[in-house]
Amino acid sequence: MEFAIASGIGVLVAAGVYLLLRARTFDVILGLTLLSYATNLLIFSSGRLVVGKPPVLRHGVETTAAYYADPLPQALVLTAIVIAFAMTAVVVVVAMRNHADLHSDHVDGREPGQADNSAPPPA
Amino acid sequence: MRRRLFPSIPQSLTVFAFWVLMAEDYRPGTLLMAALLAWLMPHIAARLEREFARLGNVWILVPLAMRLMVDIVIANVTVARQVLGPEARLRSRFVWVPLDLTNIHGISALASIITLTPGTLSSELSEDRRHLLVHCLDVDDPQAMIDDIKRRYEAPMLKVFP
Amino acid sequence: MLILLLALPFAAALAIALARGASRRTIAWVAAAAPLLGLGLLAWLTPAVMGGAIPAASLPWIPEAGLALSLRLDGLAWMFAGLVLGIGVLIVMYARYYLSEEDCSSRFFSCLLLFMGAMLGVVLAGNLLLLVVFWELTSISSFLLIGFWTHRQDARQGARMALTITGLGGLALLGGVLLIGRVVGSYELDAVLAAGDAIRASAEYPAILALVLAGVFTKSAQFPLHFWLPQAMAAPTPVSAYLHSATMVKAGVFLLARLHPALAGTDLFFYVVTTVGAITLLVGAWYAIFQHDLKGLLAYSTISHLGLITLLFGLSTPMAVVAGVFHILNHATFKASLFMAAGIIDHECGTRDLRRLGNLRRYLPWTAALAIVASLAMAGIPLLNGFLSKEMFFAEALEAGDDRGFRIAISIAALLYGVFGVAYSLRFVHDAFLGSGPRALPVEPHEPPIWMRIPVAVLVVLCLAVGILPALTVEPLLKTAVAGTLGDAAPTFSLAVWHGWNLPLAMSLGGLAGGLAFYFMLRRLFALHDAILRTWGRHLFQVNIEALFTAAGRFTQRVADGGIRRSLFWMIVVTLLVGAAPFLGAPDRLLPDLERSQSMPWLGWILWAVMVASTLGTVAVHGRRLTALIVIGAVGLLVSLAFALLSAPDLALTQLMVEMVTIALMMMALNYLPKQSKQARTPLRRWRDGALSAVAGLGVGGLAYAMMLSPQQTISGEMLARSLPEAYGANVVNVILVDFRGFDTFGEITVFAVAALVVHALLRWARLRPDEVLPGPPVQLPIPADLTQLLFPLALTVSIYLFLRGHNAPGGGFIAGLAIAVPVLIKYVVQGARAVEATFGFDYLRGIAIGLIVATIGGLGSLVFGLPFLTSGHVDLDLPLIGHLPLASALVFDTGVYVVVFAGALLMLSTMGTVRRRQLLEEGGH
Amino acid sequence: MMQHLVLAPILVPLLCGAILLLLERRHSTRVLRIGASIGLAVLLAASLALFARAAGGGIEVYLLGDWPSRIGIVLMLDRLGALMVLVTSLLAIPCLIYACAGWDKRALHFHALFQIQLAGLNGAFLTGDVFNLFVFFEVLLIASYGLLLSGGRGERMKAGMHYVVFNIVASTLFLVALALIYGLLGTLNMAELAVRIREVAAEDAALVRAAMGLLLVVFCAKAALLPMYLWLPETYARAPAAVAALFTIMTKVGLYALLRVTTLMLGDEAGALAGFGRGMLLAFGLVTLLLGGLGVVGALRLRISASYLVLLSAGTLFVAFALAQPGTIAAGLYYLPHSCFAGAAMFMIAHAVQRERGEVGDRLLPQAPPMPRLTGMMYMVAAVSLVGLPPLSGFIGKFLLLAAVPSAHTGAVYAAVLVGSLLALIGLSRTGTRLFWRTTETAQVAPPVAGAPVPRKPRVRKRELFATTLLLGYGLAMSVFAAPVLEYTQMTARQLLAPGDYVREVRAATPAARQP
Amino acid sequence: MIGIEVDLFIAGGLVVVGIAMLLSLWRLVRGPTAPDRILALDTLYVSTIALLVLFGMYLDTEIYFEVALIIAMLGFFGTVVLSKYVVRRDIVE
Amino acid sequence: MITWLVDLLTVMLLVVGCFFVFLGSFALVKLTRFFHRIHGPTKASTLGVGCILAASISYHAVHGSGLHPRELLVAVFLFLTAPVAAHLMSRAALSLMDKRPEDPSDPTGPEGHIRDDADERAEKHARERLQPRDGR
Ligand code: NA
Ligand code: NA
């Protein structure tokens with residue numbers, strides 16, 4: 001099981017990093033989304049993988065780590081999910097504004113052949 | 001007065017039932033909370049909706065539901081056959097079903113029922129809300145199917161949403 | 001007293017700078033008052049200094065770091081202070097008439113006084129660090145003075161060049177001083193001077209010497225860094241006279257004198273300093289001969305004289321030091337007067353070009369007389385002060401060092417110096433005042449105001465007085481200065497005009513004759529030499545500095561071109577290297593104990609396959625955005641499912657809800673982004689990125705694997721145990737969120753709220769152009785709309801349920817907030833924004849604010865009971881009829897979360913959904 | 001009640017931000033400004049009070065939720081935290097004043113974002129929990145996105161994209177590091193982590209090294225260490241002046257975290273991980289410093305040079321902290337506020353230049369009208385300070401650092417610092433002469449030609465002027481009162497290098513009403 | 001009367017549902033049209049409910065109720081948004 | 001005995017439920033046209049989940065923590081939303097069809113061909129828009 005999750009994380013990271021390095025804002029956003037899945041899984045797995053022991057206390061079950069999954073990483077992932085969502089919202093909006101203002105969805109705001117109109121003329 | 005206090009009794013009942021079911025607890029506290037929500041929810045919803053459904057004979061719904069469940073089960077078997085059988089044999093087509101229902105809640109309910117009953121899928125409501133576009137997976141006689149729908153489902157609906 | 005002395009010029013500078021609109025006269029008086037008062041103070045201190053005492057004062061500044069405002073006035077400092085203040089008075093007087101109406105005199109005088117203060121600081125400093133402070137101040141103030149005529153290209157360039165070179169020296173000096181401090185353990189001058197042996201013996205000595213000499217040589221314009229000085233002649237003449245002949249350039253040699261006891265006495269010192277001095281001496285003199293600019297000639301001759309002084313300090317014998325100190329004085333007097341005379345000529349004739357001047361004795365008789373006397377002093381003619389120090393130099397040159405060859409070389413250099421010195425002095429006198437001319441002057445020259453000539457006259461009189469009666473005039477002064485320089489090692493000597501016939505005298509005479517011959521023989525060749533003698537040092541500097549600018553600019557732009565991908569690439573590379581480095585030595589560490597691994601059921605592998613396939617699918621279709629979004633939706637779903645199956649229902653819920661909202665967000669954005677855009681055909685880059693990603697995936701996957709199989713340490717057992725009895729919640733994850741680590745959640749909702757604000761801020765006033773607008777009116781969806789009507793109250797009920805039950809079952813404020821935000825969103829989608837907002841009327845911004853305030857107040861409630869922020873209270877209500885009702889006060893905090901999440905999500909999505917459109921037609925204009 | 005004061009730097013601006021958001025729609029800008037000022041005044045008072053308390057040398061532990069430190073989150077007040085909080089408050093004042101000269105009206109939600117940014121910064125400086133540090137990093141980052149982009153367009157958006165994406169990736173990496181750290185060490189409390197790292201066996205250290213290494217990479221990325229600084233120049237150069245000025249402390253947050261983590265967890269007592277990463281940090285810091293200097297030389301716009309000056313100071317601080325000597329850390333902590341203040345002033349000056357010169361902006365083209373003399377003087381002071389020329393704070397910071405460099409590294413550090421300064425000097429002197437010196441003889445005396453557009457009289461907005469002067473005044477005060485400041489930073493350095501007290505205090509802190 | 005190993009059936013059911021998800025995934029990746037993909041995603045959501053309920057039975061726990069409820073109630077949101085996009089491009093009109 | 005009967009019921013429900021869930025997805029793969037495929041999941045899967053929920057209720061009632069009728073709510077929501085989802089998806093597909101079924105006046109329009117992909121159109125659109133700019 002550990003191998004499956006680890007390899008899943010690996011695939012997500014690889015896909016995320018690849019998309020992150022693409023030239024279009026949307027691809028980058030996709031990449032960030034995949035990366036955030038990967039990190040969420042990774043944080044989650046730092047509490048080790050436990051099947052069928054959700055950390056919701058049940059009557060009559062001893063409250064020790066043997067009977068419940070580690071709740072702390074879960075709480076951390078929750079925070080991470082929310083923050084990742086917030087960041088995605090911002091980056092999406094910035095991408096929209098970039099496209100609107102610069103007429104290009106290239107991450108650098110200009111098409112590859114196009115001159116950089118922001119560079120000052122030589123002094 | 002009654003409408004002021006309880007804008008929509010069916011909604012209140014639904015909310016009450018939902019709460020009690022969800023909480024799985026039948027102590028007075030829970031029931032009180034359920035009652036509170038049952039009173040509150042329609043008021044909140046009223047802020048959002050322009051109109052509440054005016055219901056006619058609600059009791060018709062019970063046999064309708066029974067029939068529906070049977071229909072769903074039976075017809076699913078049919079769909080299973082159709083899916084598993086050769087696809088080329090399917091005679092699928094779109095059919096415009098003329099509607100007598102005018103109440104949008106009724107139309108929605110009817111459309112859902114049509115979709116849930118296998119072999120038919122309500123795809124679009126015409127602009128004037130007088131026709132429903134239904135996709136049929138395998139149909140010989142469209143008119144027979146239309147009649148079937150109108151008889152089995154629309155007629156009771158007309159009683160619920162007069 | 002010393003502090004007052006030092007403060008005077010600064011105070012005056014400040015007063016002048018602040019006094020806007022004061023008349024030139026007033027300004028000049030204030031400017032003159034400072035050095036005059038200073039001279040008074042100095043005179044008052046003189047008896048003590050002459051008596052061998054060293055008045056000192058000290059204020060603490062940074063005692064921990066050894067930097068104190070300690071001042072001390074020994075003989076050397078006394079002499080230099082006198083020079084700075086005395087010539088300062090004369091310069092102020094001169095400048096009062098020199099500056100034209102357009103020149104901003106308040107700026108000039110405040111800078112000049114600033115410089116004067118800095119220079120005084122250098123000479124009075126009793127702490128080496130303090131000396132560096134003032135040293136750099138002289139650089140800065142001289143930069144401002146050289147560039148005084150800011151509109152002139154040469155002034156700006158000269159100023160920058162001077163600042164760069166002297167700044168370089170200053171930095172080196174700082175390094176050297178810090179190293180000295182490290183060896184000595186103090187920066188106090190007394191301690192440093194006493195620790196000469198320790199310094200010379202230390203391992204750092206070569207570094208110290210190199211760094212300090214770099215400071216000395218740059219400041220005193222020694223070869224090969226001499227070229228800034230002629231370039232600095234773009235400054236107004238009073239500045240040239242003051243800074244670039246009398247004072248600032250002397251700071252270098254002053255330092256050489258100052259640190260002589262600490263640094264001199266080694267072969268390294270001897271050879272380096274004498275060699276550099278000798279080369280400078282000759283190069284400066286040689287170039288001086290061929291200058292056509294009057295000030296250029298004086299500048300190069302200054303370089304030469306500075307070389308001479310450096311050479312003398314390099315020789316290091318007591319008498320050489322005496323000669324050096326003496327020559328500092330002499331050079332200051334005659335060179336300052338010469339510069340002022342040159343300024344008068346420039347002022348009156350409108351040109352400083354020697355080729356156009358000539359025969360000025362007829363127009364400017366007084367000035368001519370004074371300048372000629374001063375030139376003769378420069379040439380080292382007997383009965384003038386320059387002669388005396390030159391004689392001493394010759395005498396020392398003949399006995400220089402132990403190495404015979406070196407001694408001969410130095411002697412020849414001395415002789416050549418004599419020849420060249422006479423030659424350029426002659427050129428100055430002859431070309432300006434004698435001979436024929438002047439040619440094509442714009443105005444008829446006439447004598448300047450008397451107040452411009454008086455300073456010159458005072459200095460020339462001093463030249464004569466010292467030259468004729470050295471023992472009466474300068475000897476006590478010199479003795480004091482030398483005592484200050486060498487301390488106990490100071491020699492006994494007496495100055496006399498006549499030493500009898502000896503070799504130095506012969507050299508003097510030879511030089512005189514040689515110079516005469518040289519000048520008159522080569523006169524005809526000056527035009528030729530004009531072509532040959534370009535100042536290559538300056539040229540080299542400028543080429544280099546331009547190259548530096550260009551290279552730096554290019555490098556900077558090329559490296560940091562604003563491109564994101566390079567940024568990310570490097571971060572990823574660094575991450576991979578750092579992550580991999582610990583295993584390089586021990587690769588076996590990556591292979592953990594496999595026995596801990598748990599087996600995986602079939603179902604797991606199936607789901608794994610679904611997730612991996614949809615991930616890879618996302619990459620495969622990433623160019624088709626809609627498709628990619630749908631496929632990535634599956635990835636999200638599978639991740640949620642993984643959470644659910646691995647005992648994290650809360651996580652699954654949150655991930656699911658967030659997933660939905662994210663898809664909505666991206667779809668809205670997709671409308672304003674190209675659905676598909678040109679993908680660059682760069683297979684190389686793709687391969688590179690592919691390889692990098694593969695390595696990254698392997699790396700993170702490997703780390704994750706290793707981590708999961710390492711033994712677990714965790715503190716969560718205690719959380720589980722304390723959750724119910726102390727935090728009154730059975731859902732430990734929720735308890736962590738609102739109680740154990742409620743502060744995280746507090747920050748998290750802040751992030752969420754701000755994200756909503758950012759979205760709102762960026763889109764509220766923006767006009768965006770949709771990528772594609774489908775024709776036709778808004779689509780009506782009556783059947784889904786009807787569903788939303790039915791769904792909303794139910795969803796709200798579910799949401800409240802999730803909220804209230806969250807403490808004991810999966811749920812909680814965040815999830816509940818989204819659970820009600822999503823149905824509202826469905827309404828937005830199905831019914832349109834206007835329809836929803838007309839009925840709903842909820843101000844999301846206020847909602848966010850109120851939510852944040854509620855959360856904070858919920859956390860602060862416990863302070864009333866003297867308990868820390870976010871401490872959860874608890875009541876067990878036993879109500880009749882209702883029964884047992886446990887209430888945790890964390891609920892208030894969670895309410896804030898609920899409101900923020902609801903309002904934030906809706907603010908984001910409603911803002912994005914209702915972006916103001918720019919018409920497609922507008923595109924044509926761009 | 002006084003023990004709760006440590007909350008104030010976080011909660012006061014946060015509440016203030018929320019209230020300002022509430023007021024935003026109904027009230028005038030004036031009301032918002034007054035509200036923001038009151039909030040800031042309270043914050044300053046609290047920061048000063050905390051500073052005074054921390055100066056005594058005690059380490060205060062605040063148990064949030066009254067839970068013992070190992071399971072809850074703690075706020076920590078030590079000398080370093082108090083210093084950073086105070087610097088933040090001091091820096092915020094001129095930034096707010098500057099923004100109130102007009103920018104706050106153009107940028108939607110400016111005041112709320114500004115306050116929350118402060119809350120985020122202070123939270124990062126005060127928290128004693130490494131995951132909470134991440135959360136506050138995100139708070140301050142997301143607020144910074146808002147401040148950077150609200151009211152902006154075009155090129156600023158482009159720079160914003162770079163900044164946002166880079167930081168999100170860095171934050172992702174932060175999470176990866178935290179996951180590994182928790183997975184391997186089982187705690188998130190910094191003090192507990194320090195204890196557990198100490199106990200890591202040498203043969204198990206590789207994984208922990210990798211985890212800590214990633215964490216350091218994150219901090220370095222935020223603090224703009226080579227080669228991860230590429231995001232910085234454009235971002236800072238494009239930000240609105242008041243925001244860029246506030247941003248000078250953003251790289252310092254990364255440096256703060258680096259200092260905190262390296263001293264607390266990777267100090268000399270850290271067993272197998274003692275001194276981990278120091279060598280690399282030093283080497284890369286030195287090169288960063290040089291590249292910062294080179295950037296100043298190569299910059300063709302004043303704001304770009306100001307950005308590279310930020311980089312230069314970051315490089316210097318990397319060096320100071322990587323050397324990990326009491327003297328160098330003390331020098332670095334002296335240098336840190338200086339570089340914030342002077343850098344912020346430089347951004348404000350650049351903005352004034354940009355506005356005055358119209359179309360040419362702050363580019364180094366000589367054909368524009370000359371700048372007001374006052375601006376020139378301010379530039380001069382700021383430049384002297386940033387280059388590290390005496391007698392201003394930059395010089396003091398620099399020589400303190402150089403004086404404290406251990407002999408083994410003297411050559412490299414001296415060379416890099418001095419060459420870096422020289423490069424900055426060359427660059428800034430050119431910038432200054434191009435921008436502030438009258439470049440045509442006639443410019444000053446040209447009589448107005450009838451019909452020709454009357455040259456605009458330079459507008460110096462009083463508030464902007466005051467803000468800049470205040471920042472320069474801070475620097476001046478730091479030079480004059482260098483001794484007490486240095487004394488404080490020296491004690492801070494000593495406290496940091498003896499992390500035992502910190503750990504002990506955290507572990508000893510007992511809840512008020514619970515079982516320990 | 002033979003004892004019924006319900007758990008065995010549950011486990012079998014899990015695998016069957018998993019395979020159903022695989023099939024949906026195939027359609028999701030394959031397409032070819034956007035509505036096909038939306039349909040596939042919708043089906044994945046519905047299958048997830050089945051999976052969770054089965055898993056809850058398998059583990060004998062009620063803990064997945066909330067998740068299933070939320071998917072049933074709001075899981076179609078993605079479908080709504082995606083379909084609306086295909087129909088109108090503008091999601092909120 | 002009752003347990004046995006309930007178990008039997010549970011198992012039957014399970015088998016039926018899983019079969020229909022599988023069938024829904026199988027239809028997705030097997031059928032060739034969108035309007036054929038959509039019939040599978042919208043009905044079969046919905047029913048399948050309904051059966052599984054029923055199985056869950058009966059299972060928990062006997063083997064687990066007691067009767068939990070609240071699982072019915074899941075089915076209620078599913079039966080409420082699934083038809084609407086199907087409705088929307090077919091709206092989407094209809095909007096992409098080259099030839100839509102005419103309005104009620106002509107109720108016998110053939111099933112049109114659904115254009116290949118929404119993305120394709122966007123691509124074409126983008127290409128058209130880019131060309132003149134390149135030319136300029
Ligand atoms: Na959370
Ligand atoms: Na929860």
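Order of the sequence lines sets the chain letters (A, B, ...), proteins ahead of strands, with each chain counted from 1. Atom set for the values below is all heavy atoms of this structure, side chains included, hydrogens, waters and symmetry mates excluded.
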(message) Could you check whether A/D105 and A/H99, counting side-chain N and O atoms only, form a donor-acceptor pair closer than 3.5 Å?
(response) no
(request) Please collect all ring pair (Phe, Tyr, Trp, His ring centres under 6.0 Å) contacts where either partner lies in residues 50-73 of chain A, sequence neighbours excluded, each pair once. (result) none
(message) Report which part of C/E718 has an atom under 4.5 Å of a heavy atom belonging to chain A: side chain, backbone, both, or neither.
(response) neither
(request) Using a strict cut-off of less than 4.0 Å between a Lys/Arg side-chain nitrogen and an Asp/Glu carboxylate oxygen, indicate whether C/D771 and C/R625 qualify as a salt bridge. (result) no
(message) Is C/T714 in contact with chain A via its backbone, its side chain, both, or neither, using a 4.5 Å heavy-atom distance?
(response) side chain
(message) So which residue, C/L698, C/V661, C/L692, ends up with the most heavy-atom pairs under 4.5 Å with chain A?
(response) C/V661
(message) Minimum heavy-atom separation for C/G633 and C/I663, please, with both atom names.
(response) CA-CD1, 3.8 Å
(request) Please state whether the side chain, the backbone, both or neither of A/L19 comes within less than 4.5 Å of a heavy atom of chain C. (result) side chain
(message) Taking every non-hydrogen pair under 4.5 Å, which of C/A704, C/A730, C/G701, C/A755 racks up the most with chain A?
(response) C/A730
(message) Taking side chain as everything from C-beta outward and backbone as N, CA, C, O, which of these in C/L645 sits under 4.5 Å from a heavy atom of chain A? Side chain, backbone, both or neither.
(response) backbone
(request) May I ask you to name which of A/V94, A/V50, A/V92, A/T25 has the most heavy-atom pairs under 4.5 Å with chain C? (result) A/V50
(request) Measure C/L616 against the heavy atoms of chain A and call it side chain, backbone, both or neither at under 4.5 Å. (result) side chain
(request) Could you look at A/Y18 and say if it's the side chain, the backbone, both or neither that has a heavy atom under 4.5 Å from chain C? (result) both
(message) Main chain of A/L72, side chain of A/D70: is a donor-acceptor contact present, judged purely on distance under 3.5 Å?
(response) yes
(message) Any salt bridge linking C/R565 with C/D689? Criterion: basic side-chain nitrogen under 4.0 Å from a carboxylate oxygen.
(response) no
(request) Mind ranking C/G747, C/A669, C/G717, C/S723 by heavy-atom pairs under 4.5 Å with chain A and telling me who comes out on top? (result) C/A669
(message) What part of C/M708 gets within 4.5 angstrom of chain A, counting heavy atoms only: side chain, backbone, both, or neither?
(response) both
(request) Identify the heavy atoms of C/A809 and A/V56 that sit nearest to each other, and give their distance. (result) CA-CG1, 4.4 Å
(request) Please test C/F569 against C/I572 for side-chain contact (heavy atoms from CB on, under 4.5 Å), starting from the C-alpha separation and ending with a verdict. (result) CA-CA 5 Å; C/F569 177 81; C/I572 292 163; 6.0 Å; no
(request) With a 4.5 Å cut-off on heavy-atom pairs, point out which of C/G636, C/S647, C/S693 contacts chain A the most. (result) C/S647
(request) Please determine, among A/T33, A/T88, A/I29, A/V77, the option with the most heavy-atom pairs under 4.5 Å with chain C. (result) A/V77
(request) Give a yes or no answer on whether the side chain of C/T745 reaches the backbone of C/L737 with a donor-acceptor pair at less than 3.5 Å. (result) yes
(message) Under a 4.5 Å cutoff for heavy-atom pairs, which residue among A/L12, A/T64, A/I9 has the most contacts with chain C?
(response) A/L12
(request) Write down the atom of A/A15, the atom of A/L34, and the distance for their closest heavy-atom approach. (result) CB-CD1, 3.8 Å
(message) Given heavy-atom pairs under 4.5 angstrom as the criterion, report whether the side chain, backbone, both or neither of C/R741 touches chain A.
(response) side chain
(request) Under 4.5 Å heavy-atom distance to chain A, tell me which part of C/L653 shows up: side chain, backbone, both or neither. (result) neither
(request) Please state whether the side chain, the backbone, both or neither of A/N98 comes within less than 4.5 Å of a heavy atom of chain C. (result) neither
(message) As an exercise: rank A/R48, A/M1, A/M96 by heavy-atom pairs under 4.5 Å with chain C and give me the winner.
(response) A/R48
(request) Tell me, for A/S46 versus chain C, whether the close heavy atoms (under 4.5 Å) come from the side chain, the backbone, both or neither. (result) both
(request) Pick whichever of C/F549, C/F740, C/W605, C/W608 has the most heavy-atom pairs under 4.5 Å with chain A. (result) C/W608
(request) Tell me, out of A/D101, A/L76, A/L49, who's got the most heavy-atom pairs with chain C below 4.5 Å. (result) A/L49
(message) Counting heavy-atom pairs under 4.5 Å with chain A, which one of C/M668, C/M611, C/M657 comes out on top?
(response) C/M611
(request) Check whether any side-chain heavy atom of A/L102 sits under 4.5 Å from a side-chain heavy atom of A/R110, and report yes or no. (result) no
(request) Take C/N731 and C/H807, measure what side-chain hydrogen bond (donor to acceptor under 3.5 Å, both in side chains) needs, and give me the verdict at the end. (result) CA-CA 5 Å; C/N731 181 358; C/H807 222 48; over 6 Å; no
(request) Measure the shortest side-chain to side-chain distance between C/D650 and C/F643 over non-hydrogen atoms and say whether it is less than 4.5 angstrom. (result) no
